[in-house]
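Here's the structure, in structure tokens; my notes come after.
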Amino acid sequence: MTVGREVHLASRPQGRATADNFTVVEVPVPEPGPGQLLVRNVVMSVDPYMRGRMNDAKSYVPPFRVGAVLDGGAVGEVVATGAGTRRQRGELVLHGLGWREYAVVDDASARPVDPELAPPSAYLGALGMPGLTAYAGLVDVAGLKPGETVFVSGAAGAVGSLAGQIAKLRGAARVIGSAGSAAKVQRLYELGFDAAFDYHDGPVRESLAAAAPDGIDVYFDNVGADHLEAALSALRVHGRVAMCGAIAQYDTDEPPAAPRNLALAIGKRLTLRGFLVNDHDHLRDEFVAEVGGWLRGGELRYDETVVDGLENAPTAFLGLLRGDNLGKMLVRL
């Protein structure tokens, strides 16, 4: 019998998540049934939203169960098939059962991966959930118009770095990003951002005002807290906020101190709209065609931070929460 490894939630965090909240276990690898695929994962994703799933709290996605395997995006090779499947052995597929070496995946939910278009890992980043999130947030949620000024927080991360580039490619006149180190700020300039700043260097409101003295039209929010407060001050009349994430408050029990100026949304007639990428699947074909073309043409670039070994997936995830990554954080199995 083949044995594979999985990462289980050992306990729920009290405050910040730690390595003690995870455990790696060995489990038998089952045979796929009718309509199922046995997939050997080759690369998996760790994402900020997973931190919320470690808590026993009601949300838009069920919490992880203590003593059970975690899950998330992964790309793997089909190694066995049940009766009546469309996929064949040797094919690469995208699915939602990461945090394990082997996964039994429903054939109907497995998306084929074309390694000729991009490396398999790109389907967890630029051509995957982060890319579609950035695209949908700008196109559907914020309604970006050519000539506008855009501010992106967490701009060196998987979503933010793509959002900034897509905004420029879609005609934004000026794109500003915040990041957590001088090296990340430099990378944003290399990716085509017009201005960037390290949020450790001073109050975000002051840094944003210096980068956008005439204000901003769109804020793509990955951080929340002081970044959202700063954006509310900088937004022009009829500005829009695409509320993608709030990583500043994910890994803490302390409530955020900001924003304290939400009343500005009234006089400025602002639109603040939260969104989930799953609500924008109707854009997928358009997204793949447009972003795939930019990738082929070298107009859009992406970064990856890769950690090797399933046993190091918790380390990669905790590093993500600290901001250790540049671009997409991945685990190579």
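Just so you know, these numbers come straight off a predicted model, no measurement behind them.
- Among all heavy-atom pairs drawn from Val7 and Phe22, the shortest one is CG1-CD2, 4.0 Å.
- The shortest side-chain heavy-atom distance between Trp294 and Ile166 falls under the 4.5 Å cut-off.
- When atom types are taken as modelled, the side chain of Arg301 and the backbone of Glu299 share no donor-acceptor pair closer than 3.5 angstrom.
- Taking the side chain as every heavy atom from C-beta outward, Leu117 and Tyr123 approach each other to under 4.5 Å.
- The existence of a salt bridge linking Asp226 and Arg260 is excluded, since no basic side-chain nitrogen approaches an acidic carboxylate oxygen closer than 4.0 Å.
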What's the verdict on side chain to side chain contact (heavy atoms under 4.5 Å, CB included) for Arg205 and Asn261, showing C-alpha distance, side-chain angles and the deciding distance? CA-CA 12 Å; Arg205 185 183 299 199; Asn261 57 348; 3.7 Å; yes
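- Between Val43 and Leu124 there is a side-chain heavy-atom pair separated by less than 4.5 Å.
- Side-chain atoms of Tyr189 never come within 3.5 Å of backbone atoms of Val185 as a donor-acceptor pair (strictly under, hydrogens ignored).
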Notebook entry, point to check: Which is it for Thr149 and Asp214 under the side chain to side chain contact (heavy atoms under 4.5 Å, CB included) test, yes or no, and what are the steps along the way?
Noted result: CA-CA 9 Å; Thr149 297; Asp214 297 324; over 6 Å; no
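- Between Phe151 and His227, the ring planes lie parallel to each other; the angle is under 30°, not in the 30° to 60° tilted range.
- Pairing each heavy atom of Leu97 with each of Val104, the nearest pair is CD1-O, 3.4 Å.
- Of all heavy-atom pairs spanning Val159 and Asn222, the tightest one is CG1-OD1, 3.9 Å.
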### Message
Could you go through Ser233 and Leu264, starting from their C-alpha distance and side-chain angles, then the distance that decides it, and tell me whether this counts as side chain to side chain contact (heavy atoms under 4.5 Å, CB included)?
### Response
CA-CA 7 Å; Ser233 293; Leu264 289 175; 4.0 Å; yes
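- More than 12 heavy atoms of other residues, nucleotides or ligands lie within 6.0 Å of CZ in Arg86, so this atom counts as buried by the packing criterion.
- Atom CD1 of residue Ile216 and atom CG of residue Leu235 lie 4.0 Å apart, to the nearest 0.5 angstrom.
- Here OG of Ser178 is found 10.5 Å from NZ of Lys184. Values are rounded to the nearest 0.5 Å.
- Lys328 and Ser45 get closest at one heavy-atom pair: NZ-OG, 2.6 Å.
- For His95 and Asp106, the side-chain atoms include no donor-acceptor pair closer than 3.5 Å.
- Using a distance-only test at 3.5 Å, with no hydrogens or angles considered, no donor-acceptor pair links the side chain of Arg273 to the main chain of Ala142.
- Closest of all the heavy-atom pairs between Arg174 and Ala195 is NH2-CB, 3.5 Å.
- Looking only at atom types and distance, the side chain of Thr305 has no donor-acceptor partner in the side chain of Asp324 under 3.5 Å away.
- Side-chain contact between Tyr302 and Leu191 is absent, with no heavy atoms from C-beta onward closer than 4.5 Å.
- Between the Asp140 side chain and the Ala136 main chain, no donor and acceptor come within less than 3.5 Å of each other.
- Enclosure of atom CD in Glu31 is not indicated, since only 12 or fewer non-hydrogen atoms of other residues, nucleotides or ligands lie within 6.0 angstrom.
- Ionic pairing of Arg111 and Asp281 is present here: one or more N-O contacts between side-chain nitrogen and carboxylate oxygen are shorter than 4.0 angstrom.
- Within 6.0 Å of atom CZ in Arg89, 12 or fewer heavy atoms from other residues, nucleotides or ligands are found, so the atom counts as exposed in its surroundings.
- Within the 4.5 Å cutoff, side-chain heavy atoms of Arg12 are placed close to those of Val66.
- Of the candidates Arg5, Arg332, Arg40, Arg5 is the only one forming a salt bridge (Lys or Arg N to Asp or Glu O under 4.0 Å) with Glu101.
- A donor-acceptor pair under 3.5 Å is absent between the side-chain atoms of Arg87 and the main chain of Asp107, judged by distance alone.
- Under a hydrophobic-cluster definition in which Ile, Leu, Val, Met, Phe, Trp and Tyr are linked whenever side-chain heavy atoms come within less than 4.5 Å, directly or via other members, Leu169 and Val141 are assigned to the same cluster.
- At least one side-chain heavy atom of Arg170 sits less than 4.5 Å from a side-chain heavy atom of Tyr135.
- Of the inter-residue distances, the one linking Thr133 atom OG1 with Asn278 atom CG reads 8.5 Å to the nearest 0.5 angstrom.
- Of the possible polar contacts, none joining the Arg51 side chain to the Ile247 backbone as a donor-acceptor pair under 3.5 Å is found.
- In this structure a side-chain-to-backbone donor-acceptor pair under 3.5 Å is missing from Asn55 to Pro63.
- The distance from atom NZ of Lys168 to atom CG of Leu144, rounded to the nearest 0.5 Å, is 11.0 Å.
- In this model, a donor atom of one side chain and an acceptor atom of the other lie less than 3.5 Å apart for Tyr219 and Asp221.
- Atom-to-atom distance recorded for Met329:CE and Glu304:CD is 11.5 Å, nearest 0.5 angstrom.
- At least one side-chain heavy atom of Phe197 sits less than 4.5 Å from a side-chain heavy atom of Val204.
- Taking all atoms of both residues into account, the shortest heavy-atom contact from Gln88 to Val78 is O-CB, 3.5 Å.
- Proximity of Lys145 to Arg240: side-chain heavy atoms (C-beta onward) are separated by under 4.5 Å at one or more points.
- Atom-to-atom distance recorded for Tyr199:OH and Ser207:OG is 12.0 Å, nearest 0.5 angstrom.
- The main-chain N or O of Ser161 is found under 3.5 Å from a side-chain atom of Gln165 such that the two form a donor-acceptor pair.
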